[in-house]
**Q** 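My questions all concern the structure below.
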Amino acid sequence: MKEAVFTLLRQARLARDVWRMELSGDVSAITVPGQFVEIALDGFFLRRPISVCDCGNGELSLIYKVVGQGTQVMSCLESGASLNLLTGLGNGFSLAKSGCSPLLIGGGVGVPPLYFLARCLLKAGAVPTIVLGFNTAAEVFFSEEFRALGIRVIVCTADGTAGQRGLVTDVLPVGSSFVYACGPLPMLRALDRTLPCSAMAEFSMEERMGCGFGACMGCSIMTKGGARRVCKDGPVFPRESLLWE
Amino acid sequence: MADLKVSLSGWELDNPVIPASGTFGYGREFAELYDINVLGTFSFKGTTLNARFGNPTPRIAETPGGMINAVGMQNPGVDKVVTEELPRLARCFHKKVIANVGGFSVQEYADACARLNGQEQIGLFEINVSCPNVHDGCMTFGTDPFAAAAVTKAVKAVTSKPVYVKLTPNVTDIVSIARACEDAGADGISLINTLLGMRIDLRRRKPVISNVMGGFSGSAILPVALRMVWQVYEAVKIPVIGMGGVSSARDVIEMMLAGATAVEVGSANLTDPWACPKIIAELPQVMGQLGISSLRDIIGGAHA
């Protein structure tokens, strides 16, 4: 973990309530896809945890959804703004487990960290396929960016207004070497039910956080191995360690 | 040369800055970030006789100038603290630590403290009779002078170390509780724990926190904490550890002027992991500006 001041380079809206900010600063603590950063905002006590969508060459790309007052303020920040970030938080995905044909599954704002993951997997010689699930066409983002990587992209929406109609669990391709998933809890739970028992997978979990670096125990979940902090022991957990009540 | 030293029941601290229980774990996360030996000491995560997972999530809500938590005393239990956390801590922290202990019955407090009493790494006990996040326990002891006294007596009977009782602000008369603890043999008073509060999610029309209510902390509560430290300092002869909303060297000095011998820093650690070393580094300069040569001299200095 590192604390660093970043400069906002540009910011744009990608879909309904979904924004991307690109920043420049010291990204040296971000070493694995699936990690996150915590942004301090003037006037707000707690930092905002945001997953890393991409990073490299001193630049950081973050995609977030406006869900409350803090993210609303974030979306109004202009180029040149300085932001204090804690970077390199969380464990990230295990690249070594991917095999040659991994499947990536993202739902809503769970999609962004899979972009950095896809880039790293390609670099390591794997051929990933990605399934992107959204509620409706107005919320779809980043499908073109994934296509531009030259990988197979399957888009689905719950209402059928873009891509295939259905949930990610309705459109899963068969025959992957490993599954990486990030999305809302109901999606991950449904995935766990749908994937074959033998399918090896890592799920990136989400919880409301206090500190983001393992001190406050605000985001603990119970796993088969006992209590774990989503921010510090996760957010990525092996599928077989998770409990679904 | 600014003198930052203070002493708690004969235990001399290099400075009065102490990360508060529940914001610092057992030190490990922060030892990765800086040399935690710069601290006066720290108060470890509230520990109970048996392991606890705590409350379901969401456990955290935000509020202007602060936050609300309902962690519910998640901890590995006293045995694991003795066999795993303390030995691990010994590798990176060479000072004594404050053992924060919670419980659900008088006997449980006593049993947990008895188990910890033999640990040389522990400088004093901070008995938490004030956690707002567990039902049928803890805060119940801190809202009744007789119950607080009973816990104090039971713990004093099983330990040779100083016993500080950590009080809840969620009472009508904190002075009567502090006095009851002093009369029962407490060596010091530690205050304040969090204020009971809540937030409601406007879209879901439901409380943000699954436990409905939680403990409100952060800079917004500083005036309440100062007021209670002031009141308790006037009422008891034993030392007071002040806490609640402290996030700067100026806040530390204000707390000491109100009557605190040492000062705990809580939520500030969660938003700025380097908050405590920054405060310690800042203290000599602020003391210089205010004409303070020794912190010891200003304890209770605002009282007539």
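First the proteins, then the strands, lettered A, B, ... as listed; each starts at 1.
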**Q** Could you tell me which portion of Asn269(B) (side chain, backbone, both or neither) has an atom closer than 4.5 angstrom to a non-hydrogen atom of chain A?
**A**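 Contact with chain A: backbone only.
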
**Q** Relative to chain A, which of Arg28(B), Lys45(B), Glu29(B) shows the most heavy atom pairs under 4.5 Å?
**A**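 Sorted descending by pairs with chain A, the first entry is Glu29(B).
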
**Q** Measure distances from Pro273(B) to the heavy atoms of chain A and classify the residue's part below 4.5 Å as side chain, backbone, both or neither.
**A**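 It is both, since atoms from each part get that close.
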
**Q** Sequence neighbours left out, what passes salt bridge (Lys or Arg N to Asp or Glu O under 4.0 Å) with Lys232(A)? Give chain and number order.
**A**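 Per chain and number, Lys232(A) pairs via salt bridge (Lys or Arg N to Asp or Glu O under 4.0 Å) with Glu32(B).
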
**Q** Using non-hydrogen atoms only, which part of Arg203(B) is less than 4.5 Å away from chain A: side chain, backbone, both, or neither?
**A**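 Side chain of Arg203(B) only, per the 4.5 Å heavy-atom cut-off to chain A.
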
**Q** Ala61(B) versus chain A, heavy atoms under 4.5 Å apart: side chain, backbone, both or neither?
**A**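 Only the backbone of Ala61(B) comes within 4.5 Å of chain A.
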
**Q** Quick check on Lys224(A): does its NZ atom have over 12 non-hydrogen neighbours (other residues, nucleotides or ligands) under 6.0 Å away?
**A**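 Result for NZ/Lys224(A): enclosed.
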
**Q** Does Lys96(B) NZ have over 12 foreign heavy atoms under 6.0 Å away?
**A**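 12 or below, so no.
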
**Q** Within residues 37-53 of chain A, which residues come under 4.5 Å of chain B, heavy atom to heavy atom?
**A**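 Within residues 37-53 of chain A, near chain B: Phe44(A), Phe45(A), Leu46(A), Arg47(A), Arg48(A).
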
**Q** For chain B, find its close neighbours in residues 66-93 of chain A: heavy-atom separation under 4.5 Å, sorted by number, or none.
**A**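 Residues in range: Val67(A), Leu86(A).
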
**Q** Does atom CE of Met198(B) have more than 12 heavy-atom neighbours from other groups under 6.0 Å away?
**A**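 It does: Met198(B) CE has more than 12 such atoms within range.
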
**Q** Chain A heavy atoms under 4.5 Å from Phe30(B): which part of the residue, side chain, backbone, both or neither?
**A**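 For Phe30(B), the side chain is the part near chain A, not the backbone.
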
**Q** For the CZ atom on Arg205(B), are there more than 12 heavy atoms of other groups (residues, nucleotides or ligands in this structure) within a distance under 6.0 Å?
**A**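 No.
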
**Q** Based on non-hydrogen pairs under 4.5 Å, which of Ala227(A), Ser220(A), Cys219(A), Gly226(A) is most in contact with chain B?
**A**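 Most heavy-atom pairs within the cutoff with chain B belong to Ser220(A).
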
**Q** For Arg13(A), does the CZ atom have more than 12 heavy-atom neighbours from other residues, nucleotides or ligands under 6.0 Å away?
**A**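 Counting neighbours around CZ of Arg13(A), 12 or fewer heavy atoms of other residues, nucleotides or ligands fall under 6.0 Å, so no.
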
**Q** Counting heavy-atom pairs closer than 4.5 Å to chain A, which one of Thr57(B), Leu33(B), Asp272(B) comes out on top?
**A**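 Max contact count across the listed options: Thr57(B).
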
**Q** Write out, in numerical order, the residues from residues 208-218 of chain A with a heavy atom short of 4.5 Å from a heavy atom in chain B.
**A**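 Those residues of residues 208-218 of chain A which have a heavy atom under 4.5 Å from chain B are Arg208(A), Met209(A), Gly210(A), Cys211(A), Phe213(A), Gly214(A), Ala215(A), Cys216(A), Met217(A), Gly218(A).
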
**Q** Tell me if the CD atom of Glu206(A) is crowded by more than 12 foreign heavy atoms within 6.0 Å.
**A**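 Open: at most 12 neighbouring heavy atoms sit under 6.0 Å from CD of Glu206(A).
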
**Q** Is Thr63(B) close to chain A through its backbone or its side chain, or both, or neither, when contacts mean heavy atoms under 4.5 Å?
**A**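 When you check distances to chain A, only backbone atoms of Thr63(B) fall under 4.5 Å.
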
**Q** Working to the nearest 0.5 Å, report the span between CZ of Arg229(A) and CD of Gln74(B).
**A**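 One finds 8.5 Å between CZ of Arg229(A) and CD of Gln74(B).
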
**Q** Chain A: which of Gly66(B), Ser267(B), Gly218(B) shares the most heavy-atom pairs with it under 4.5 Å?
**A**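 Option with the top pair count is Gly66(B).
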
**Q** What part of Leu202(B) lies closer than 4.5 angstrom to a heavy atom of chain A: side chain, backbone, both or neither?
**A**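 Interface part for Leu202(B): neither.
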
**Q** Assess whether atom CZ of Arg189(A) is packed by more than 12 heavy atoms of other residues, nucleotides or ligands within 6.0 Å.
**A**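 For Arg189(A), atom CZ is crowded (more than 12 foreign heavy atoms under 6.0 Å).
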
**Q** Contact part of Thr23(B) toward chain A, heavy-atom cut-off under 4.5 Å: side chain, backbone, both or neither?
**A**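 Backbone only.
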
